[in-house]
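Take a look at the structure set out below.
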Amino acid sequence: MTFVLLLAALVVLRGVMLTRARGSMPCRLRVGESPWQSGVARYADGELHWIPLMGIRLRPRHAIARRGLVVSARRELGDGLYAVDLSGSTRDVSIAMSADALTGFLAWLESAPPSAYLDVA
């Protein structure tokens with residue numbers, strides 16, 4: 001019983017640390033037609049790293065490279081979330097985030113080096 005409580009406390013502490021880390025933003029991710037998963041995204045070395053909110057691993061589950069990334073569609077999901085569909089260098093992925101986080105994400109995409117291929121819809 002004590003082990004289970006300790007493990008639960010560590011998972012909650014991990015989630016708090018991830019969401020409060022500088023340069024991170026809460027968002028949801030969907031691969032293909034799978035359901036949305038809550039997590040935290042952060043920018044690192046030309047990639048967007050996505051880490052699921054629930055779990056024990058601190059390593060990103062998805063690393064989305066900025067080079068060759070195509071934003072094919074944008075839509076409002078409700079509850080202040082906006083989704084963008086991504087393709088190109090990654091398999092079909094959708095990310096949902098707040099309006100402020102979406103603005104930052106699109107600015108990050110557009111600020112890529114001149115040699116990078118970008119297509120922002």
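In this structure, L69 CG and F105 CZ are separated by 5.5 Å, a value rounded to the nearest 0.5 Å. The line from CD of E76 to CG of L81 is 9.0 Å long, rounded to the nearest 0.5 Å. In this structure, CG in L86 is found 8.5 Å from CG in L48, a value given to the nearest 0.5 Å. Once rounded to the nearest 0.5 Å, the distance linking CG of D92 with CZ of R30 reads 10.5 Å.
Judged as a side-chain contact (heavy atoms from CB on, under 4.5 Å), and not counting sequence neighbours, the contacts of A83 are W36, R75, L77, A96. A search for side-chain contact (heavy atoms from CB on, under 4.5 Å) contacts involving T103 returns nothing, not counting sequence neighbours.
Taken together through direct or relayed side-chain contacts under 4.5 Å among Ile, Leu, Val, Met, Phe, Trp and Tyr, L102 and V71 form part of one hydrophobic cluster. Follow the hydrophobic side-chain contacts under 4.5 Å out from Y43 and you reach V93 in the same cluster.
A 4.5 Å side-chain heavy-atom check between I64 and L29 finds at least one atom pair inside the cut-off. Within the 4.5 Å cutoff, side-chain heavy atoms of I51 are placed close to those of R42.
In terms of heavy-atom proximity, P26 sits nearest to M97 at O-CB, 4.4 Å.
A donor-acceptor pair under 3.5 Å links the side-chain atoms of R66 to the main chain of W108, judged by distance alone.
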